[in-house]
Structures are given as C-alpha cells and as structure tokens.
Amino acid sequence: MANGVGFVKSCLKDRVDAIDEFALRSEGFRDLCDDFEIANEKVRWERSTAPERGERLAEYRELIDSMRAEIEQTLDRAAVVPFKPPRR
C-alpha cells in the first residue's frame, strides 16, 4: 500500500485493521491518506524564519485536524453494516 496508508496507521494505531480493509477497497481513501501524510510534513515552515511562519503553521494544524477528522469519519461510516429492509 501507499506510504500515506502506513502513516495513517501509525497515527491511528487502534484502527489499523479498518484502515487496511478500507484502503484495499477505496482509491479515494488511499489518496486522502497520502494527502494527510504530505500535510504532516510541515517541517519547511517549522524551520522558516519568514514573517508568515506562524500563520502557515496554524493553517497546517487546521488542515491536519480537518483531514484526521475526515479519515476517522470515513472509517466510522465504512464500519456501519446496513440492515436489509424487512420483507413484505
């Protein structure tokens, strides 16, 4: 699997099985994991002396929090097993 999936598994260790299962089925989820990994590589701004450093780091934190919530919500929705409607 992609590196992003491995990164997400390292962040959400209690959901490794669900991450593996859903990543096998969903290219969109794998892409989200890759994007989450890239967003977490904010080292460039952490080392920066640019005046906008603080603002950019805050934006990255917000983005990372939002993406983490999206990943967790996606896994929660994928874990729901729909019941078949009753037969008539």
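All residue numbers refer to positions in the sequence shown, counting from 1.
Taking every heavy atom of both residues into account, S48 and A50 meet most closely at OG-N, 2.9 Å. Of all heavy-atom pairs between L63 and A39, the closest is CD2-CB, 3.9 Å.
The closest side-chain heavy-atom distance from F7 to D34 is not below 4.5 Å. Side-chain contact between L75 and F29 is present, with heavy atoms from C-beta onward closer than 4.5 Å.
For the atom pair CZ of F22 and CZ of R15, the computed distance is 11.0 Å after rounding to the nearest 0.5 Å. Rounding to the nearest 0.5 angstrom, the gap separating the CD atom in E52 from the CG atom in L57 is 10.5 Å. Between atom SG of residue C33 and atom CG of residue N3 there is a gap of 11.5 Å, rounded to the nearest 0.5 Å. Taking CD of E37 as the reference point, atom CD1 of I64 lies at 11.5 Å (rounded to 0.5 Å). One finds the CG atom of L12 at 6.5 Å from the CZ atom of F36 (value rounded to the nearest 0.5 Å).
Evaluation of the side-chain hydrogen bond (donor to acceptor under 3.5 Å, both in side chains) rule for R53 yields no partner, not counting sequence neighbours. Every residue two or more places apart in sequence or in another chain was checked for a side chain to side chain contact (heavy atoms under 4.5 Å, CB included) with E62, and none qualifies. E55 meets the side-chain hydrogen bond (donor to acceptor under 3.5 Å, both in side chains) test with no other residue; sequence neighbours excluded.
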Distance-only check: which donor-acceptor pairs under 3.5 Å involve side-chain atoms of residues 65-74, not counting sequence neighbours?
from	atom 1	to	atom 2	distance (Å)
R68	NH2	C11	O	3.3
T74	OG1	E70	O	2.8

Inset, instruction - Carefully, step by step, assess D20 and L24 under the rule side-chain contact (heavy atoms from CB on, under 4.5 Å). - result: CA-CA 6 Å; D20 280 337; L24 286 172; 5.6 Å; no

